[in-house]
Amino acid sequence: MKILTPQDEEILATFDNVVTAIANTFGEHTEVVLHSLDIRHPSIIKIVNGHVTGRTVGAPITNFVLDKLARKEDLSQPYFTKSPKGRNLRSTTTIIRNPQGEAIGTLCVNIDLDAPFQEVIQPFVLPTIEPQEKKTNIEIFANSPEDMLTITIENTYQEITLDKAISAGKKARALVHKLANLGVFNFKNSPQLVAQITGISTHTIYRHLRDR
């Protein structure tokens with residue numbers, strides 16, 4: 001370990017949202033911890049779901065991790081341990097390094113294996129949503145920008161077509177404005193692609209783009 005520089009601390013700060021994102025993804029029985037390895041006070045600087053081990057910000061880094069770091073042993077493989085209350089945990093620790101390759105922090109994930117199964121899987125259960133809501137909240141996983149553009153146009157066209165709140169005469173305008181808000185027309189030749197997929201003429205597309 002070393003005395004961290006302001007630059008090192010800035011690097012660690014960029015992981016703040018990562019800690020929250022992981023915890024939100026896996027739910028309340030997964031503790032996510034960001035440790036600073038500043039030699040003056042190696043401790044937790046961010047923790048979500050700290051009830052899993054009973055720790056809070058400022059708590060020291062574990063002896064297990066310190067020992068592994070001192071021995072320069074691999075920390076990337078998951079391992080099993082116990083919480084202070086004796087609960088079984090499956091843990092993973094990732095070392096955070098600065099551009100010089102020096103260890104400046106760790107990101108640790110601790111999953112409570114003794115938590116009720118139904119509660120553990122709850123974050124992965126699809127919520128009950130209305131059909132229209134489902135259409136507008138589908139995340140697109142594409143293999144190329146071209147695929148992403150095509151799928152976005154197709155999904156938005158279907159959404160506008162099925163939206164009964166938009167009259168038939170205003171659907172083209174609503175579609176063009178929605179695609180513009182999504183940034184579709186920032187891509188080269190996108191008006192032509194929209195016209196090809198939707199059947200709306202490029203003249204109409206450009207007209208609706210001008211009246212935004």
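Side-chain atoms are counted along with the backbone in the values below, which use heavy atoms only and exclude waters and symmetry mates.
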Self-check item: CG on L182 to OG1 on T156, rounded to 0.5 Å
Solution: 5.0 Å
Quiz item: Between S83 and N110, is any pair of side-chain heavy atoms under 4.5 Å apart?
Solution: no
Quiz item: In terms of hydrophobic clusters joined by side-chain contacts under 4.5 Å, are F185 and I153 together?
Solution: yes
Quiz prompt | Point-to-point distance, once rounded to the nearest 0.5 Å, from OG1 of T30 to CZ of R90 | solution = 11.0 Å
Quiz item: Should V33 and V48 be counted in the same cluster of Ile, Leu, Val, Met, Phe, Trp and Tyr side chains packed under 4.5 Å apart?
Solution: no
Quiz item: Which value, rounded to the nearest 0.5 Å, describes the distance between I197 atom CD1 and L149 atom CG?
Solution: 7.0 Å
Quiz item: Can you tell me how far CG of L34 sits from OG1 of T14, rounded to the nearest 0.5 angstrom?
Solution: 8.5 Å
Practice problem: For I166 and K171, work out which heavy atoms get closest and say how close. | Solution: O-NZ, 3.1 Å
Quiz item: Does L89 share a hydrophobic cluster with V109, counting links as ILVMFWY side-chain heavy atoms below 4.5 Å and allowing steps through other members?
Solution: no
Quiz item: Hey, any chance V32 and I47 share a hydrophobic cluster, counting ILVMFWY side chains that come within less than 4.5 Å of each other, even indirectly?
Solution: no
Quiz item: Nearest heavy-atom pair of K46 and V19: which atoms, and what distance?
Solution: CG-CG1, 3.7 Å
Quiz item: Tell me, do I96 and L12 make a side-chain contact under 4.5 Å, heavy atoms counted?
Solution: yes
Quiz item: What distance do I111 atom CD1 and N88 atom CG have between them, rounded to the nearest 0.5 Å?
Solution: 12.5 Å
Quiz item: Of all heavy-atom pairs between Q192 and T202, which one has the smallest distance, and what is that distance?
Solution: CA-CG2, 4.1 Å
Quiz item: Can you check whether H177's main-chain N or O pairs, donor with acceptor, with H208's side chain at less than 3.5 Å?
Solution: no
Distance-only donor-acceptor pairs under 3.5 Å for side chains of residues 59-67, two or more places apart:
from: T62; atom 1: OG1; to: V65; atom 2: N; distance (Å): 3.3
from: D67; atom 1: OD1; to: R71; atom 2: NE; distance (Å): 3.0
from: D67; atom 1: OD2; to: R71; atom 2: NE; distance (Å): 2.9

Quiz item: So do D112 and E119 actually touch side chain to side chain, heavy atoms under 4.5 Å?
Solution: no
Exercise. Test side chain to side chain contact (heavy atoms under 4.5 Å, CB included) on R212 and N181 and set out the steps.
Key: CA-CA 10 Å; R212 290 182 66 230; N181 290 336; 2.7 Å; yes
Practice problem: Output yes when a side-chain donor or acceptor of S190 lies under 3.5 Å from a complementary backbone atom of V184, and no otherwise. | Solution: yes
Quiz item: Can you name the nearest heavy-atom pair linking V120 to A115, along with the distance?
Solution: CG2-CB, 3.7 Å
Exercise. Could you walk me through whether D114 and H29 pass side chain to side chain donor-acceptor pair (under 3.5 Å), step by step?
Key: CA-CA 9 Å; D114 292 332; H29 298 295; over 6 Å; no
Quiz prompt | Over all atoms of both residues, closest heavy-atom pair of I44 and V57 | solution = O-CG1, 3.5 Å
Exercise. Using the side chain to side chain contact (heavy atoms under 4.5 Å, CB included) rule, take K2 and L4 through it: C-alpha gap first, then chi angles, then the decisive distance, then the call.
Key: CA-CA 6 Å; K2 51 167 283 193; L4 299 192; 4.2 Å; yes
Self-check item: L113-V52 co-clustered via ILVMFWY side chain contacts under 4.5 Å
Solution: no
Self-check item: Whether T106 side chain and C108 backbone form a donor-acceptor pair below 3.5 Å
Solution: no
Exercise. State the OG1-CZ distance between T204 and R173, to the nearest 0.5 angstrom.
Key: 13.0 Å
Exercise. Take T152 and M148 through the test side chain to side chain contact (heavy atoms under 4.5 Å, CB included) and record every step on the way to the result.
Key: CA-CA 6 Å; T152 299; M148 171 68 79; 3.8 Å; yes
Exercise. Could you pull out the closest heavy-atom pair between D8 and I3, with the gap in Å?
Key: OD2-O, 4.5 Å
Exercise. Output, in order, the C-alpha distance, side-chain angles, deciding distance and verdict of side chain to side chain contact (heavy atoms under 4.5 Å, CB included) for L193 and N189.
Key: CA-CA 7 Å; L193 182 59; N189 299 323; over 6 Å; no
